[in-house]
Amino acid sequence: SDLSEDHPGYLDTFYKQRRADICNLAREHRIGEPIPRIEYTPDEVAVWGTVLPQLKELIPRHACKEFLRCWQLFDFREDEVPQLEDLSLVLQQQTGFRIRPVAGLLHPRLFLQGLAYKTFHSTQYMRHVSRPDYTPEPDVVHELIGHVPMLADPAFAELVHAIGIASLGADEKQIWHLTKIYWYTVEFGVVREGGDVKAFGAGILSSYGELQHMASGAARLEPLDVFAPQPKMSYKVGRLASSQMRGRQHIP
């Protein structure tokens, strides 16, 4: 509920209380228990129903083949926001990953440690109804559409797991380097398929603005050298500057 002044929901008392209530459910969750099911409000369902059709139109043309294959495992409907527990069960069957609810951004070390144990921490709250095209932090649209399908791909899940494993023995400097590697692959990575550029990063796949920007040819793409210092990250999801968007030549 402690939102910055530039957040679309900053002046919306109901929205802030709603987020606080959903975050409290995440804080109370214990490993091994079913993930709390959220009864999303009509406004929240409307946001989901606004974003999903636009992404469905763009994804077949601009998402990588791994995403397209795994996308079919999840029956995303415009009139219903999916529940984390249901999607977690699918992931466990496909790659052994599971979802755990979280109240917001974790320290990078804690988030990466979760990946080492094949646990993906996901928010459950929805972006503000006034800006269905934008969220300043990860929300349920970003998590479920952007991250979950890719985590059902064995090769991609192995990549994410390897980053998590590397974090377990990392010092603070290495943690931030691994976080940037995660950012420029799992969050904002692209891959070349033949002569085309396709998205596999969640920040692109869950944003029709980012997909359109990538497809326009205006985005500046750079090959990724995992050993080189990486540019500064921006947590403004869906509002990433083109100079910060980086690409990969392949998925390991």
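These figures come from a predicted structure and were not determined experimentally.
- For the residue pair H107 and Q113, no side-chain donor N or O sits within less than 3.5 Å of a side-chain acceptor on the partner.
- Contact check for D139 versus V47: no side-chain heavy atoms found under the 4.5 Å cut-off.
- Nearest heavy atoms, H7 versus P136: CD2-CG, 3.1 Å.
- Between the E193 side chain and the K65 main chain, a donor and an acceptor come within less than 3.5 Å of each other.
- With sequence neighbours left out, R100 forms a side-chain contact (heavy atoms from CB on, under 4.5 Å) with H29, I31, T119, H121.
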message: Working note: Q212 + S216, criterion side chain to side chain donor-acceptor pair (under 3.5 Å); need CA distance, chi angles, decisive distance, verdict.
response: CA-CA 6 Å; Q212 291 168 337; S216 72; over 6 Å; no
- prompt: Hey, mind stepping through K173 and D171 against salt bridge (Lys or Arg N to Asp or Glu O under 4.0 Å) and telling me if it holds?
  reply: CA-CA 6 Å; K173 182 178 180 180; D171 60 28; over 6 Å; no
message: Walk me through whether H142 and H147 qualify under side-chain contact (heavy atoms from CB on, under 4.5 Å).
response: CA-CA 7 Å; H142 171 78; H147 282 290; 3.2 Å; yes
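- Within the model, atoms CD of E85 and CD1 of I35 stand 5.0 Å from one another, a figure rounded to the nearest 0.5 Å.
- A pairwise comparison of heavy atoms in H177 and A228 identifies CE1-O, 3.3 Å as the closest pair.
- With a 6.0 Å radius and a threshold of 12 heavy atoms from other residues, nucleotides or ligands, R18 has its CZ atom above the threshold.
- In this structure, the separation between OH on Y125 and NZ on K16 is 14.5 Å, given to the nearest 0.5 Å.
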field: Worked verdict on V45 versus E80 for side-chain contact (heavy atoms from CB on, under 4.5 Å)
entry: CA-CA 6 Å; V45 175; E80 181 181 3; over 6 Å; no
message: Evaluate H213 against I204 for side-chain contact (heavy atoms from CB on, under 4.5 Å), listing each step before the verdict.
response: CA-CA 9 Å; H213 180 61; I204 308 173; over 6 Å; no
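- The line from CG of L91 to OG1 of T95 is 5.5 Å long, rounded to the nearest 0.5 Å.
- For the ring-ring contact (aromatic ring centres under 6.0 Å, His included) with F188, the lone residue among F200, Y182, W183 that qualifies is W183.
- Both L106 and F120 are assigned to one and the same hydrophobic cluster, defined by single-linkage of ILVMFWY side chains at heavy-atom distances under 4.5 Å.
- Side-chain atoms of Y184 come within 3.5 Å of backbone atoms of P231 as a donor-acceptor pair (strictly under, hydrogens ignored).
- A donor-acceptor contact closer than 3.5 angstrom is absent between the side chains of Q54 and T50.
- Linking Ile, Leu, Val, Met, Phe, Trp and Tyr whenever their side-chain heavy atoms come within less than 4.5 Å leaves V186 and L168 in two separate clusters.
- Between the side chains of E137 and T135, at least one donor N or O lies within less than 3.5 Å of an accepting N or O.
- Counting only residues at least two apart or in different chains, salt bridge (Lys or Arg N to Asp or Glu O under 4.0 Å) contacts with residues 22-35 are absent.
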message: Working note: V140 + I38, criterion side-chain contact (heavy atoms from CB on, under 4.5 Å); need CA distance, chi angles, decisive distance, verdict.
response: CA-CA 11 Å; V140 72; I38 306 298; over 6 Å; no
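- Rounding to the nearest 0.5 Å places CG of L144 at 8.0 Å from OG1 of T123.
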- request: Take R19 and D21 through the test salt bridge (Lys or Arg N to Asp or Glu O under 4.0 Å) and record every step on the way to the result.
  value: CA-CA 5 Å; R19 278 182 54 136; D21 292 342; over 6 Å; no
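- Interatomic distance, I163 CD1 to L115 CG, rounded to the nearest 0.5 Å: 7.5 Å.
- Between the R109 side chain and the A170 main chain, a donor and an acceptor come within less than 3.5 Å of each other.
- Between the CZ atom of F67 and the CE atom of M150 there is a distance of 8.0 Å, given to the nearest 0.5 Å.
- A salt bridge links D86 with R37: at least one charged nitrogen is closer than 4.0 Å to a carboxylate oxygen.
- With hydrogens and angles left out, the side-chain atoms of T41 and D43 include no donor and acceptor closer than 3.5 Å.
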